[in-house]
Amino acid sequence: MGGGVGGGMGGGMGDGTGEGQSREASGDRPFFGYDGAMKILVIEDDAQAAAYLVKGLKESGHVVDHVADGKDGLFMAGSENYDVLIVDRMLPGRDGLAIVEILRGAGTTTPVLFLSALGSVDDRVRGLRAGGDDYLTKPYAFSELLARVEALGRRKSAAEVTTTKLQVGELEMDLLARKVRRGAKQIDLLPREFRLLEYLMRHAGNVVTRTMLLENVWDYHFDPQTNVIDVHVARLRQKIDRDFPTPMIHTVRGAGYCLRA
Amino acid sequence: MPDLALFRTTTFRVALLYLGLFLASVLVILGLIYWFTAGFIERQTDETIAAEIAGLREQYRQRRLPGLIEVVNARSAVPRTSTLYLVATPTFTPLAGNLSDWPDDEPDAEGWIEFEIADAPEEPDGGSHEARAVVFTLPGGYHLLVGRDTMERRQFQDRVLISLAWALLLTVGLGAAGGVLISRNVMHRIDAINRTTRQIMSGALQERMAVENNGDELDQLAGNLNAMLDQIEHLMVGMRQVTDSVAHDLRTPLTRLRSRLEITLVEADTPDEYRSAIQEAISEADRLLGIFGALLSIAEAEAGTMQRSFQKVALSDLARQMADLYEPAAEEAGLSFVSDIRTEPEVLGNQQLIAQAIANLLDNALKYTPAGGCVTLTVSGQEGERGPCVSVSDTGPGIPAEQRESVLRRFVRLEASRSSPGNGLGLSLVDAVARLHGARLEMDDNHPGLIVSLVFPRMGKE
């Protein structure tokens, strides 16, 4: 009843990362808990929004370049090697969509996060079709943006690796046998719990927000009023952390969750 | 309306063309009638003359001139005969017959002659007696004339002609009048539509085209225009409602936010107080953004432009996913969650929006059903006239029948639920999504509780 949804739905699930434990906690963590610095290009014409964005990303430990118009953005994105591009959709002179289409046409595979005040279902589809990897509607919480940017950066670094096993600390997931164990203990999960944990493990060390979970584990893009996602995570946490002294699933206040060894 | 405009209308031109064709066919018919009546009588005259001649020729062969004269005299004596006879000497002096003079007119090659009878009695209509005859020259220079008075024939022909002419005149008159009348009638109605359109353009938005209920094209046009205007009015009213609601329901929390920040500025001393004030402000802003997002989603669904990107949606898969998403939350709230999905109907639509609508219904069910209750998600296929259907039922307080209409309006919340979180937009969005999909939103009593169903239109046969 209700649990028989097939796998392979989440956009971020099929990209296979095999290095679940490479980003373990390194003591003093920056702003939102990501410890691998990325090189990010922000293409945004609104000076105040851009300043806020650049400041936040820099404080989170990333290297950030900012350009205010599409032509410069195209030039920078083409000539430098960035981990993630953050592109505003409404730019003077050129639509952000067109920029990404040109970049994709030229063979650039750098992950792109669209920022847009246009938030309808159709706009979102258009953005992803133009070659965007994620789409965030303005206004957004910075924590949401950061989590998504870091998820995109991670994705690229592991894009080519296909794997059948995920490992974060003592937590192991066998994707073929659909089995999970923590240390010596076998953990039985419902299909949806398995998919949830898989997503968390693929983004281990990163903050994942509730909307990211809804989008990637359930493939829906709306905002449920009830705390449905929290309940799912709470149940998963019960199974993963209950009998162990150190918790692995952490709640990041005001942002979401983070799976850490 | 200037009368000249009549001649420019398509209807009038068509009427004129038909009148022309009608006239041509009437002319052909009248010509045939003339040929068969007047023409027949003319031919009959000639045949009678030929028969007379044959008889006289026989007499002449047997008894020569004296016999001929005798017969002619005898036949001329028949009272009121319209056959004319005349035998004359070589110098055209009449010898016998009922004509007093040999006519002066020259006969044609076949001996036919047409002339006026000089000594005929006056006719009451003043017309003269005309005759048609054949003349022969007998051996010895004597002349014979056999003919018929054609006055009656001509009178008949004239009468036929006159009646045909009247018929023609009447046809033209009636045809033209009919054409003008029809054209004027159509013009009048189009003019009425134009007039109403101009009135509406100049601001009288409640005006509607007059519909005569005879189901013709103009009626359909007027009906369609009225339906279009109704739709526009509905959208405008909706927009005005939104503007009013936004003014009220966004201004209230904004005011609250602003005054809270102001108070903080005056009263707060410690960083902790500032911090908690800012956190409150952020969550208030988030609530506002939530309202804003919901309003935009409703507007998007109501705009109806998404119908172009509709795809087949497997309703049961969607429902299973939503059940999967909501089941733990329901259990956490102390509710039992049942999903009753036994068929696999497909509908045409937008997966995200239908999912959001179901999610909103489940949100409501979870929010308003007290612990220990039951929430059921049901999918049923099409049965008879009823299309595929998704319904969410609960055992909560339900919605009184008289308030079911109003809860669909934006920002409307029932008194009883004012204290619980929510923005009063959930069901509005469900309603907008339903209308976008041509689906019906039904609310019924679940005894106890509420059952809300989205009844989709039946899928056409592939």
Side-chain angles (χ1 to χ4, degrees), chain A residues 1-7 9-10 116-126 128-129 135-144 190-196 210-211 213-215 217-239 253-255, chain B residues 279 282-283 285-290 292-294 296-297 299-301 303 305-306 308-309 316-333 337-341 350-360 362-367 377 420-423 425-426 429:
Chain A
M1 186 181 72
V5 185
M9 290 166 39
S116 173
L118 307 172
S120 77
V121 177
D122 276 352
D123 288 320
R124 189 187 177 82
V125 168
R126 223 170 291 145
L128 299 183
R129 203 171 283 159
Y135 195 101
L136 194 57
T137 307
K138 288 181 181 178
Y140 49 84
F142 181 77
S143 54
E144 182 76 40
L190 293 172
R192 59 166 178 259
E193 292 164 342
F194 188 89
R195 292 199 315 274
L196 186 57
R210 290 169 184 83
T211 43
L213 288 174
L214 187 63
E215 282 175 20
V217 179
W218 280 275
D219 203 18
Y220 290 115
H221 304 282
F222 55 84
D223 181 24
Q225 312 248 315
T226 321
N227 56 344
V228 282
I229 301 296
D230 294 330
V231 177
H232 281 284
V233 176
R235 297 200 157 191
L236 181 63
R237 182 181 271 156
Q238 276 280 310
K239 294 191 176 176
R253 232 180 92 94
Chain B
Q279 264 161 4
I282 287 176
S283 46
D286 283 346
R287 254 197 308 283
L288 279 165
L289 288 173
F292 213 71
L296 287 177
S297 300
E300 191 191 8
T305 49
M306 251 186 294
R308 274 170 297 156
S309 59
S316 296
D317 287 347
L318 191 66
R320 281 192 201 98
Q321 288 167 21
M322 298 320 290
D324 177 64
L325 189 60
Y326 275 85
E327 194 185 355
E331 285 168 6
E332 213 65 26
F337 190 95
V338 180
S339 62
D340 179 13
I341 301 164
N350 182 301
Q351 168 132 357
Q352 290 293 333
L353 285 175
I354 298 176
Q356 167 120 50
I358 298 175
N360 283 9
L362 289 171
D363 269 331
N364 279 351
L366 261 57
K367 202 154 52 179
L377 177 64
S420 58
N423 52 25
L425 291 171
L429 180 60

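Order of the sequence lines sets the chain letters (A, B, ...), proteins ahead of strands, with each chain counted from 1.
Using a 4.5 Å heavy-atom cutoff, the side chains of Asp324(B) and Arg195(A) are in contact. Using a 4.5 Å heavy-atom threshold, the side chains of Glu327(B) and Arg192(A) count as touching.
A donor-acceptor contact shorter than 3.5 Å is absent between the side chain of Gln351(B) and the backbone of Tyr220(A). Counting only distance, with no hydrogens or angles, the side chain of His232(A) and the backbone of Leu325(B) share a donor-acceptor pair below 3.5 Å.
The CD atom of Glu332(B) sits 8.0 Å away from the CG atom of Asn227(A) when rounded to the nearest 0.5 Å.
The number of heavy atoms from other shown groups lying within 6.0 Å of OH (Tyr140(A)) is above 12.
Only the side chain of Leu214(A) comes within contact range of chain B, with at least one heavy atom under 4.5 Å from a heavy atom of that chain. Both the backbone and the side chain of Leu318(B) come within contact range of chain A, with heavy atoms under 4.5 Å apart. Interface residue Asn350(B): only side-chain heavy atoms are found under 4.5 Å from chain A.
For the options Leu289(B), Asp286(B), Leu377(B), heavy-atom pairs under 4.5 Å to chain A are most numerous at Leu289(B).
Looking at every heavy atom in both residues, Val231(A) comes nearest to Ala329(B) through CG1-N, 3.6 Å.
A salt bridge links Arg235(A) with Glu331(B): the distance from a Lys NZ or Arg NE/NH1/NH2 to an Asp or Glu carboxylate oxygen falls below 4.0 Å.
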